[in-house]
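What you are looking at is a predicted structure, and each value in this text was computed from that prediction instead of being measured.
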Amino acid sequence: MSEILLEGYTVDEVLQLPNEEFQALVLRDEPLVFKAGSADMLGRFKVDGDALVMELAHVDGGGEGALPSVAALASRYARRQGLAFVEWRVHAVHCANPNLKLRRVLERRGFVVRNVPGTGECYWLRAPADAASQATH
């Protein structure tokens with residue numbers, strides 16, 4: 001299987017960005033549209049206390065491992081920064097065209113439907129940073 005590229009970069013290349021640049025591009029707590037493999041994603045990312053918060057609002061396409069690649073990046077970044085957790089918030093509860101495979105994967109991995117203040121109802125999981133990449137495999 002070929003490596004999934006995130007906006008044309010490998011996970012290793014993204015992690016080699018200077019911390020200030022990574023924070024300015026990704027950790028802005030603003031909606032961000034990006035491509036992971038063949039998937040187009042809409043997400044919002046921030047550090048909140050001891051956790052990297054990964055909020056995914058839309059995933060279109062993919063299927064070849066886009067989510068595991070994003071999870072691997074999140075886990076490695078969180079560990080590098082000394083964060084204890086990766087918190088996932090996936091807005092797949094009330095989709096007009098639900099991805100049933102995604103829902104099954106999330107539920108099998110321990111995600112629960114939760115009403116998160118400031119976010120709303122979503123599939124939620126808070127995983128230790130050293131195990132966060134396993135959340136979507």
Side-chain angles (χ1 to χ4, degrees):
M1 179 162 96
S2 62
E3 187 167 22
I4 301 298
L5 299 180
L6 304 166
E7 286 298 335
Y9 296 95
T10 66
V11 168
D12 288 335
E13 290 170 333
V14 172
L15 288 169
Q16 289 173 6
L17 290 171
N19 221 20
E20 298 77 26
E21 190 174 342
F22 186 86
Q23 290 174 355
L25 292 172
V26 179
L27 300 177
R28 302 181 330 194
D29 194 19
E30 296 176 7
L32 175 68
V33 176
F34 63 100
K35 192 163 201 62
S38 64
D40 292 310
M41 297 185 173
L42 171 62
R44 188 167 70 170
F45 312 96
K46 66 180 178 178
V47 172
D48 186 12
D50 63 351
L52 173 61
V53 177
M54 307 280 296
E55 187 172 347
L56 296 177
H58 185 79
V59 178
D60 188 29
E64 77 283 7
L67 281 176
S69 293
V70 171
L73 174 60
S75 179
R76 288 177 59 189
Y77 178 81
R79 286 194 315 265
R80 183 179 82 188
Q81 295 303 113
L83 300 171
F85 300 97
V86 174
E87 182 173 316
W88 290 86
R89 301 171 183 179
V90 182
H91 295 269
V93 178
H94 301 292
C95 297
N97 296 312
N99 181 334
L100 299 178
K101 181 180 177 187
L102 174 61
R103 288 181 178 185
R104 283 192 304 271
V105 167
L106 294 175
E107 290 168 358
R108 191 171 43 241
R109 298 292 178 217
F111 284 72
V112 296
V113 175
R114 174 184 247 188
N115 193 346
V116 177
T119 297
E121 195 172 41
C122 60
Y123 281 94
W124 177 89
L125 178 71
R126 185 174 171 95
D130 58 358
S133 66
Q134 300 303 314
T136 58
H137 281 86

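Of all non-hydrogen atoms in R103 and V93, the two that sit nearest each other are NH2-O, 2.9 Å. The shortest heavy-atom contact between G118 and R44 is O-NH2, 4.4 Å. Here the closest non-hydrogen pair linking V59 and A39 is CG1-CB, 4.3 Å. Between V26 and L32, the shortest heavy-atom contact is CA-CD2, 4.3 Å. When all heavy atoms are compared, the tightest approach of D50 to R126 is OD1-NH2, 2.7 Å. Here the shortest heavy-atom pairing between E13 and G8 reads OE1-O, 4.2 Å.
Residue D12 holds its CG atom at 9.5 Å from CG of L73, rounded to the nearest 0.5 Å. How far CE of M54 is from CG of L125: 12.0 Å, rounded to the nearest 0.5 Å. To the nearest 0.5 Å, atom CG of residue D48 and atom CG of residue L27 are 12.0 Å apart. For the atom pair CD of Q81 and CZ of F22, the computed distance is 8.5 Å after rounding to the nearest 0.5 Å. Put simply, NZ on K35 and CG on L6 are 11.5 Å apart, with the number rounded to the nearest 0.5 Å. Note: F111 CZ to C122 SG = 9.5 Å, rounded to the nearest 0.5 Å.
Under a hydrophobic clustering in which Ile, Leu, Val, Met, Phe, Trp and Tyr are joined whenever their side-chain heavy atoms come within less than 4.5 Å, directly or via other members, W88 and Y123 fall into the same cluster. Taken together through direct or relayed side-chain contacts under 4.5 Å among Ile, Leu, Val, Met, Phe, Trp and Tyr, L5 and L17 form parts of separate hydrophobic clusters. Under the 4.5 Å side-chain heavy-atom criterion for ILVMFWY residues, a single connected hydrophobic cluster contains both L15 and L25. Cluster membership check: M41 shares its hydrophobic cluster with L52, using side-chain heavy-atom separations under 4.5 Å among Ile, Leu, Val, Met, Phe, Trp and Tyr. V113 and V53 fall into different hydrophobic clusters, where Ile, Leu, Val, Met, Phe, Trp and Tyr residues are linked whenever their side-chain heavy atoms come under 4.5 Å apart, directly or through other members.
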Problem set entry | Residue pair V90, L106: steps toward the side-chain contact (heavy atoms from CB on, under 4.5 Å) verdict | CA-CA 9 Å; V90 182; L106 294 175; 3.9 Å; yes
For this session: Give the C-alpha distance, both sets of side-chain angles, the deciding distance and a yes or no for side-chain contact (heavy atoms from CB on, under 4.5 Å) between L102 and L67.
Result: CA-CA 10 Å; L102 174 61; L67 281 176; 3.6 Å; yes
Problem set entry | Evaluation steps, side-chain contact (heavy atoms from CB on, under 4.5 Å), between L56 and L42 | CA-CA 6 Å; L56 296 177; L42 171 62; over 6 Å; no
Problem set entry | Intermediate values then yes/no, side-chain contact (heavy atoms from CB on, under 4.5 Å), K46 and E55 | CA-CA 9 Å; K46 66 180 178 178; E55 187 172 347; over 6 Å; no
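Taking the six-membered ring for Trp, Y77 and F45 have ring centres at least 6.0 Å apart.
By the ring-ring contact (aromatic ring centres under 6.0 Å, His included) test, Y9 pairs with no residue at all, sequence neighbours left out.
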